[in-house]
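Below you'll find the structure, written out as structure tokens, and then a few comments.
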Amino acid sequence: MLVGINTVLADDPQLTCRIPGGRDPIRVVLDSRLRTPLAARVLHVESPAPTLIVTSEAVSADRVAIFQATGAEVLTLPGRRPSVRQLMEVLAGRDVLSVLVEGGGTVHAAALAEGVACKVIAVIGPGLIGGAKAPTAVEGPEPLAVTGLVRLTEVSVRRLGDDVLIEGYLPQIPYVQPGAVAGEVDAQAVGSADVHGDR
């Protein structure tokens, strides 16, 4: 299960399975500056599944060592902001082939922009929230500004109590590398509905 640092700061989640008899997922936090509080619950979960903090080369070795002392694994990726695509390649090398991106609009947008999302799972509750600065499911200028409206295929809709669950698959979205012109494309993370501000 993948979240961004803003989700950790806002919600202090444990990222564990709540289903009796279920299996905890590997917990992955995108945190380019290692801002995760040392008291965060995700660092202190009693679980056989590890917690992986993904950060950047800009973070000092001393800061990394502090997080490693909590029992978390710290993965340092090149650049100032870890690439979701590069992270997925690392996870695939560890035989992690399915990732639920359960962060906010920034990480979701990164998964779309970097061409690693294949499915959207959206849960809509019977409440309204708004305002000019209200968060959205997909934030940042990238994927939709480049590709236009993204329509899901094989869409299914069902009730979950008072909520509505919508599932659908994404078409292959062109991946535009940072700094590349909008015609250069490259050619999967599962999204529930955080690009770079949340990392």
Side-chain angles (χ1 to χ4, degrees), residues 1-79 81-112 114-123 137 158 160-161 163 165 167 169-170 188-194 196 198-199:
M1 180 176 289
L2 172 65
V3 300
I5 179 58
N6 285 342
T7 295
V8 172
L9 294 174
D11 300 339
D12 193 19
Q14 288 184 299
L15 305 180
T16 54
C17 179
R18 302 298 198 277
I19 301 170
R23 184 177 60 168
D24 286 342
I26 297 172
R27 295 166 295 281
V28 183
V29 178
L30 281 175
D31 184 359
S32 61
R33 293 180 283 161
L34 283 187
R35 294 185 294 145
T36 299
L38 292 174
R41 296 193 302 171
V42 73
L43 296 176
H44 302 282
V45 174
E46 291 186 21
S47 170
T51 296
L52 178 61
I53 308 294
V54 183
T55 194
S56 70
E57 295 174 318
V59 175
S60 71
D62 290 344
R63 184 79 175 148
V64 168
I66 290 170
F67 279 81
Q68 290 172 329
T70 69
E73 179 183 352
V74 179
L75 173 63
T76 301
L77 294 179
R81 293 181 185 274
S83 159
V84 176
R85 173 176 282 262
Q86 192 169 29
L87 170 60
M88 294 303 167
E89 291 170 356
V90 171
L91 292 175
R94 300 181 180 193
D95 294 326
V96 177
L97 304 178
S98 177
V99 178
L100 174 64
V101 180
E102 209 279 320
T106 304
V107 172
H108 294 145
L112 287 168
E114 296 183 36
V116 299
C118 65
K119 184 178 182 180
V120 171
I121 303 169
V123 179
R158 61 188 165 111
L160 290 178
D163 298 335
L165 175 70
E167 295 181 82
Y169 289 88
L170 289 158
Q188 169 175 191
V190 179
S192 62
D194 210 29
H196 304 311
D198 191 56
R199 297 190 279 165

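Side chains are part of it too, since the values below use all heavy atoms of this structure and drop only hydrogens, waters and symmetry mates.
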For the [atom1] atom of [X] and the [atom2] atom of [Y], what is their distance to the nearest 0.5 Å?
X: Glu114; Y: Gln86; atom1: CD; atom2: CD; answer: 9.5 Å
X: Leu30; Y: Ser56; atom1: CG; atom2: OG; answer: 11.0 Å
X: Ser83; Y: Met88; atom1: OG; atom2: CE; answer: 9.5 Å
X: Leu87; Y: Leu2; atom1: CG; atom2: CG; answer: 6.0 Å
X: Arg81; Y: Ser32; atom1: CZ; atom2: OG; answer: 5.5 Å

Quick one, [X] and [Y] - any side-chain contact, counting heavy atoms below 4.5 Å?
X: Thr36; Y: Leu43; result: yes
X: Val99; Y: Leu91; result: yes
X: Leu77; Y: Val54; result: yes
X: Leu165; Y: Ile121; result: yes
X: Pro78; Y: Glu57; result: yes
X: Phe67; Y: Thr55; result: no
X: Val8; Y: Val3; result: yes
X: Val120; Y: Leu170; result: yes

(request) Specify the closest pair of heavy atoms between Asp24 and Ser47, including all atoms of both residues, with the distance to one decimal. (result) OD2-OG, 2.8 Å
(message) For a quick test of reading the model, state the closest non-hydrogen atom pair linking Ala110 to Val84 and the distance between them.
(response) CB-CG2, 3.7 Å
(request) Going by the side-chain hydrogen bond (donor to acceptor under 3.5 Å, both in side chains) test, name the single residue among Glu73, His44, Gln14, Arg27 that passes it with Thr51. (result) Arg27
(message) Leu52 vs Val29, test: side-chain contact (heavy atoms from CB on, under 4.5 Å). Steps then yes/no.
(response) CA-CA 6 Å; Leu52 178 61; Val29 178; over 6 Å; no
(message) Less than 4.0 angstrom from a charged side-chain N to a carboxylate O is my criterion; do Glu46 and Arg41 meet it?
(response) no
(message) Looking only at the side chains, is there a donor atom on one of Arg18 and Thr16 sitting less than 3.5 Å from an acceptor on the other?
(response) yes
(message) Would Met1 and Val28 count as a side-chain contact (heavy atoms from CB on, under 4.5 Å) here? Give the steps.
(response) CA-CA 6 Å; Met1 180 176 289; Val28 183; over 6 Å; no
(request) Could you please spell out the steps behind the side-chain contact (heavy atoms from CB on, under 4.5 Å) verdict for Asn6 and Arg35? (result) CA-CA 9 Å; Asn6 285 342; Arg35 294 185 294 145; 3.7 Å; yes
(message) Before you tell me yes or no, could you show the steps for Val64 and Leu34 under side-chain contact (heavy atoms from CB on, under 4.5 Å), namely the whole-Å CA-CA distance, both residues' side-chain angles and the distance that decides it to 0.1 Å?
(response) CA-CA 8 Å; Val64 168; Leu34 283 187; 4.1 Å; yes
(message) Would the distance check show the side chain of Arg33 and the main-chain N or O of Val59 forming a donor-acceptor pair, the cut-off being under 3.5 Å?
(response) no
